[in-house]
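A short write-up of the structure that comes next.
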Amino acid sequence: MRVLLVGAGGVGTAVTRIAARRPFFDRMVVADHDPARAGAAVAALGADAGRFHAERVDAADEEAVAALLGRHGCDVLLNATDPRFVMPLFRAARRAGATYVDMAMSLSRPHGGQPYEKCGTKLGDEQFALAGEWERAGALALVGMGVEPGLSDVFARYAADELFDEIEEIGVRDGANLTVDGYDFAPSFSIWTTIEECLNPPVVYERDRGWFTTEPFSEPEVFDFPEGIGPVECVNVEHEEVLLVPRWVDARRVTFKYGLGREFIDTLRTLHLLGLDRTDPVTVPGPEGPVRVSPRDVVAACLPDPATLGERMHGKTCAGTWVRGVKDGAPREVYLYHVVDNQWSMAEYGCQAVVWQTAVNPVVALELLAAGVWSGTGVLGPEAFPAAPFLELLTAYGSPWGLREQ
């Protein structure tokens, strides 16, 4: 297997450090719009850098990405950029005849008239609209293969296959007790993506109703997270699992709730109130005349890079899937989860916990694809594949998962 990794930020860099310890691929080309960043990701591998090569590429340039895939003979494109670049990279992979893997799906657009009741363009709609093209070509696009979405979807499939006869509800629940020394506000993941998913109308799925939306931060609940994290208030957030799980797993209801915390929610609401969540450029004065800038890009530029926060960060992050249903005629309720301690991820890989937890899952998926354990054609989510081999290999990577009876 020869892999083109596009994006050498926090998650992309973590991908290289995890993959360097595994023998399943022959070559990984690490490409970024900033060649220095791609070069640094490769150089940091030291003696393990032999199978890696740094390149520059503009992720928005479909033709250039396809050419890069061809030049290096890469048969897989792994997208580690933010969701703005999903579609050009998705199309570039199809053009070059490569397998495509991402960790987030094509962007949504709210319903024009009833944004907090009806879906407009849903997450992933643009990709699924092209599923037939991928199927006819006998090609695979594995979408939403990070941690959430990704591992959370694998948990949903595992629950359906192994733990339940009938599922009433699947609810992804994400929480942490992470703190960052020296900052009053320092998100542990891309603020651009966080604003997108938290301020868009959250999507809920119900079998009898289909997909519908609610207001941001709706239906608060306190969820008790394992391994010392404890109770965290969680709220509805737009996320890919709600759009993916019902396509392959039979459940009456599917939700995603994120443990943001009151201060984080208030900050996001203020950004929205001031229009600083907007992506459309606005004109501002500059020393050489007016310039056009995206308010959201300005917010991101003013905050620390999440990948650099590891040394200041303390605590654990938990991604998991809560499932309620029936097994052997009796009610059952479980929480399948994966916890990463920042102290461990920093000591073992030099990566902060959130980016490492996101990065490990696509690497596991690539290894399963390389071995032929996972295979398929079309545009498929993680739920379309057997879950047990994934969870076994994740444990073999030194990062076991857990199951708690509720």
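- Ser152 and Arg173 share no donor-acceptor pair across their side chains, judged by distance under 3.5 Å alone.
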List the steps, then state whether ring pair (Phe, Tyr, Trp, His ring centres under 6.0 Å) holds for Phe90 with Trp134. CA-CA 11 Å; Phe90 180 81; Trp134 286 78; 5.0 Å; yes
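- Cation-pi check for Arg51 over Phe25 is met; the charged atom lies under 6.0 angstrom from the ring centroid and within 45 degrees of its normal.
- Around atom CD of Glu162, more than 12 heavy atoms belonging to other residues, nucleotides or ligands sit under 6.0 Å away.
- By the 4.0 Å N-to-carboxylate-O rule, Glu219 lies close enough to Arg253 to be salt-bridged with it.
- The pair Arg207-Asp250 counts as a salt bridge, with a side-chain nitrogen and a carboxylate oxygen less than 4.0 angstrom apart.
- Classified by interplanar angle (parallel below 30°, tilted 30° to 60°, perpendicular above 60°), the ring pair Tyr335/Tyr337 is parallel.
- Looking at Phe217 and Pro202, their side chains never come closer than 4.5 Å, going by heavy atoms from C-beta outward.
- Across all non-hydrogen atoms, the minimal contact from Met1 to Leu366 is CE-O, 3.5 Å.
- Between the side chains of Thr193 and Asp82, not a single donor N or O lies within less than 3.5 Å of an accepting N or O.
- Side-chain atoms of Tyr258 and Glu148 form no donor-acceptor pair, as typed in the model, at a separation below 3.5 Å.
- A donor-acceptor contact shorter than 3.5 Å links the side chain of Thr13 to the backbone of Ala8.
- At a threshold of 4.0 Å, the pair Arg252-Glu168 counts as salt-bridged, since one of the basic side-chain nitrogens sits closer than that to a carboxylate oxygen.
- Remark: Glu405 CD is packed, more than 12 non-hydrogen atoms of other residues, nucleotides or ligands lying under 6.0 Å away.
- Here the side chain of Asn200 pairs no donor or acceptor atom with the backbone of Pro110 at under 3.5 angstrom.
- The pair Glu383-Arg157 does not count as a salt bridge, with every side-chain nitrogen at least 4.0 angstrom from each carboxylate oxygen.
- Glu288 is linked by a side chain to side chain donor-acceptor pair (under 3.5 Å) to nothing, counting only residues two or more places apart in sequence or in another chain.
- Using the six-membered ring where Trp is involved, Trp401 and Tyr158 have ring planes that are perpendicular, over 60° apart on the 30 and 60° scheme.
- Atom CZ of Arg91 and atom OH of Tyr100 lie 10.5 Å apart (nearest 0.5 Å).
- A pairwise comparison of heavy atoms in Val29 and Cys74 identifies CG2-SG, 4.0 Å as the closest pair.
- Across Met105 and Gly144, no two heavy atoms sit closer than the pair CG-N, 4.0 Å.
- There is a side-chain donor-acceptor pair under 3.5 Å between Glu238 and Ser108.
- Pro231 places a side-chain heavy atom less than 4.5 Å from the side chain of Asp224.
- Judged by the 6.0 Å and 45° rule, Arg247 forms no cation-pi pair with Tyr205.
- When every heavy atom of Leu107 is checked against every heavy atom of Glu196, the shortest pair comes out as CD2-OE2, 3.7 Å.
- Ion pairing between a basic and an acidic side chain is recognised when a charged N comes within 4.0 Å of a carboxylate O; Arg84 and Asp297 show such pairing.
- Between Trp374 and Phe390, the angle of the ring planes stays under 30°, which puts this pair in the parallel group of the 30/60° scheme.
- Residue Glu311 qualifies as open at atom CD: its count of foreign heavy atoms under 6.0 Å is 12 or below.
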